[in-house]
Amino acid sequence: MAYHIHLPVMVDDVVDNFGAIPKGFIVDATLGLGGHSFALLRSSPDISVLGIDTDHEALEIARERLSEFDQRYILKHGNYTDMQTIAKENGVKPVSGVLMDLGLSSLQLACKGRGFSFIGDGPLDMRFDQSTDVSASDIVNKYSEKEIADILFRFGEEKKSRRIANQIVRNRPVSSTSHLVTLIQKAVGNGAGRLHPATRTFQALRIAVNRELENVKDGLKAAVDLVGSGGKIIILSYHSLEDRIVKNFLRNESKGCICPSEIIVCRCDHVPKLVLKHKKVLKPSAKEVIENPRSRSVRLRIAEKV
Ligand SMILES: C[S@@+](CC[C@H](N)C(=O)[O-])C[C@H]1O[C@@H](n2cnc3c(N)ncnc32)[C@H](O)[C@@H]1O
C-alpha cells in the first residue's frame, strides 16, 4: 500500500503529549496519510480526530487507513487556515489538541506526476491542492526574472537566486522538472556540498505555490483560538523558515507585554494565551533519523492553552 512509505515523524512524542489533555477532539490539521491520526486513535478509545488536508489524494488514503476506528474520526478537505469554520460546520467541539505536521508527505514527494521532486521527471506542478490556480509552471514561465529571483532567495535562501532566475528566463518555456534541474545545474554547476543544487529552488517554488509561510502564520492563529483551556498545540516543522515563524509565534503568545523594548510603560495589554511546554525544541532520536531519514530536520514544539 502506498501509505507504508510515509512513517509519521516523532509519533511517540506526539501521542504522549496528547495523552494528558482534557477530553475532546484532536484536530489533525495536516492529516496527510493519517499516520499520526492512526497512532492517536489507537492510543486511546477516548480520542476522536478531525482530520484536515488540502490534498484530495492524501485524504482518500487516510480514509481507508483509519476505517477501523469507525465513528471516531471526521475527515474533511480544506485548508487548515479554515480549521475553526471546518470544526464548527462539523459539530467538532470541544477541541483539546491541534497537530500541525508541516510541509509535504512522502507520497507527494514520491509521486512523479505531482512535480515536487528534482529526481526523475515530472510536470512543474507542486500544488498540494490540485484545484488551486497557481502551479510551479506558472511561476517559472510567467513571472518576471526579478520575481523569480526573489522567490528563490526568500523561500529557498538560495544565494545564487539571480543566476538561476536569469537562466530560467532565458530558456523559457521550461517544460518539466528535469528541464528545470538542467537549467539550475547550468547556472550554478553541480555543487560540491551535501545538497543537490536544485534543493533550494524546489523548496522555494513549493513554498510559493502553496503559500506555505502565510498559511503557517494564519494556521497558528486559528489553532490558538480553536483549542480550549488546557489543550495542546503541537507543531512539527522541517526547515528554518517555518520553524522561525512557529518559534516567534509561540514565544509571543506565551508572553505578557509585547511592547517594543523602548516603551517603558506597557501599552499593549497583551495577555498570554499559551504556556510553552519545553524550553528547548524537541528533536528526533538518532535511531529515528536512521529509520526515517525524513525526520532528520524536524523540530517539534509544544504549547498549552492557558
Ligand atoms: C508532512 S504531511 C503530514 C503527514 C501526516 N502527519 C502523516 O503522518 O501521514 C503534510 C500534509 O499537510 C498537507 N497540507 C499542507 N498545507 C496544508 C494546508 N494549508 N491545509 C491543509 N493541509 C495542508 C499536505 O497536503 C500534506 O498531506
Side-chain angles (χ1 to χ4, degrees), residues 1-15 17-18 26-43 49-66 73-87 97-111 114-116 125-132 134 155 203 206-223 226 233-239 241-243 245-246 284 288 291-300:
M1 271 275 191
Y3 55 71
H4 289 309
I5 61 172
H6 186 102
L7 296 172
V9 171
M10 296 186 74
V11 67
D12 293 341
D13 296 88
V14 171
V15 170
N17 278 285
F18 277 139
I26 293 174
V27 175
D28 184 348
T30 50
L31 178 72
L33 310 183
H36 285 107
S37 281
F38 184 92
L40 285 164
L41 288 163
R42 198 178 46 185
S43 71
V49 166
L50 165 64
I52 301 172
D53 205 291
T54 189
D55 182 333
H56 287 283
E57 245 172 74
L59 269 172
E60 285 324 302
I61 293 171
R63 199 177 296 286
E64 189 191 328
R65 188 178 196 181
L66 301 181
Y73 65 92
I74 299 170
L75 305 187
K76 290 286 158 191
H77 177 259
N79 193 312
Y80 59 58
T81 55
D82 299 324
M83 67 176 90
Q84 289 164 284
T85 312
I86 298 172
V98 174
L99 173 65
M100 295 169 74
D101 180 18
L102 302 173
L104 79 170
S105 71
S106 314
L107 178 76
Q108 288 163 331
L109 189 63
C111 180
R114 306 291 298 268
F116 288 106
D125 190 327
M126 302 197 193
R127 288 170 300 168
F128 289 150
D129 181 347
Q130 290 176 302
S131 58
T132 54
V134 180
F155 300 147
Q203 174 187 302
R206 191 199 88 209
I207 290 176
V209 165
N210 297 294
R211 299 173 50 81
E212 286 181 51
L213 302 186
E214 293 94 324
N215 283 342
V216 172
K217 283 182 198 154
D218 293 345
L220 288 167
K221 281 186 211 144
L226 183 60
I233 301 172
I234 300 183
I235 306 118
L236 295 103
S237 46
Y238 293 84
H239 56 77
L241 295 173
E242 62 190 12
D243 187 50
I245 293 172
V246 175
E288 177 166 2
E291 286 168 1
N292 185 9
R294 216 183 72 79
S295 69
R296 189 183 58 240
S297 58
V298 75
R299 300 287 177 266
L300 186 148

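Count residues from 1 along the sequence. Indexing begins at 1, ligand by ligand and atom by atom, following the structure's order.
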Can you tell me how far [atom2] of [Y] sits from [atom1] of [X], rounded to the nearest 0.5 angstrom?
{"X": "Met83", "Y": "Ile52", "atom1": "CE", "atom2": "CD1", "result": "6.0 Å"}
{"X": "Leu213", "Y": "Phe155", "atom1": "CG", "atom2": "CZ", "result": "5.5 Å"}
{"X": "Asn210", "Y": "Phe116", "atom1": "CG", "atom2": "CZ", "result": "5.5 Å"}

What I want to know is whether [X] and ligand 1 share at least one N or O pair that is separated by under 3.5 angstrom.
{"X": "Tyr80", "result": "yes"}
{"X": "Gly34", "result": "yes"}
{"X": "Arg65", "result": "no"}
{"X": "Phe128", "result": "no"}
{"X": "Asp101", "result": "yes"}
{"X": "Gly35", "result": "yes"}
{"X": "His36", "result": "yes"}
{"X": "Gln108", "result": "yes"}

Nearest to [atom] by heavy atom, [options]: which?
{"atom": "atom 26 (C) of ligand 1", "options": "Asp53, Leu109, Asp55, Leu102", "answer": "Asp53"}
{"atom": "atom 10 (C) of ligand 1", "options": "Ser105, Gly103, Gly32", "answer": "Gly103"}
{"atom": "atom 5 (C) of ligand 1", "options": "Leu31, Leu107, Asp129", "answer": "Leu31"}
{"atom": "atom 3 (C) of ligand 1", "options": "Ile52, Thr30, Leu7", "answer": "Thr30"}

With a 4.0 Å cut-off on heavy atoms, is Ser37 touching ligand 1? no
Side-chain ion pair, Asp129 and Arg127, N-O less than 4.0 Å: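 The answer is no: the pair does not qualify as a salt bridge.
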Distance to 0.1 Å, residue and atom name: give those for the protein heavy atom nearest to atom 19 (N) of ligand 1.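 Nearest neighbour among protein heavy atoms for atom 19 (N) of ligand 1, to 0.1 Å: Asn79 OD1, 3.0 Å.
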Nearest protein heavy atom with distance in Å, relative to atom 23 (C) of ligand 1: Thr54 CG2, 3.5 Å
Contacting atoms of ligand 1, where contact means under 4.0 angstrom from a heavy atom of [X]:
{"X": "Gly78", "value": "20 (N), 21 (C)"}
{"X": "Pro8", "value": "8 (O)"}
{"X": "Ala29", "value": "21 (C), 22 (N)"}

Between Leu104 and ligand 1, which part of the residue brings a heavy atom under 4.0 Å of the ligand: side chain, backbone, both or neither?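 It is the backbone that touches ligand 1; the side chain stays farther off.
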Does Asp218 reach the main-chain N or O of Thr81 with its side chain, forming a donor-acceptor pair under 3.5 Å? no
Ignoring hydrogens and angles, tell me if any N or O in the side chain of Ser297 forms a donor-acceptor pair with the backbone of Tyr238 under 3.5 Å. yes
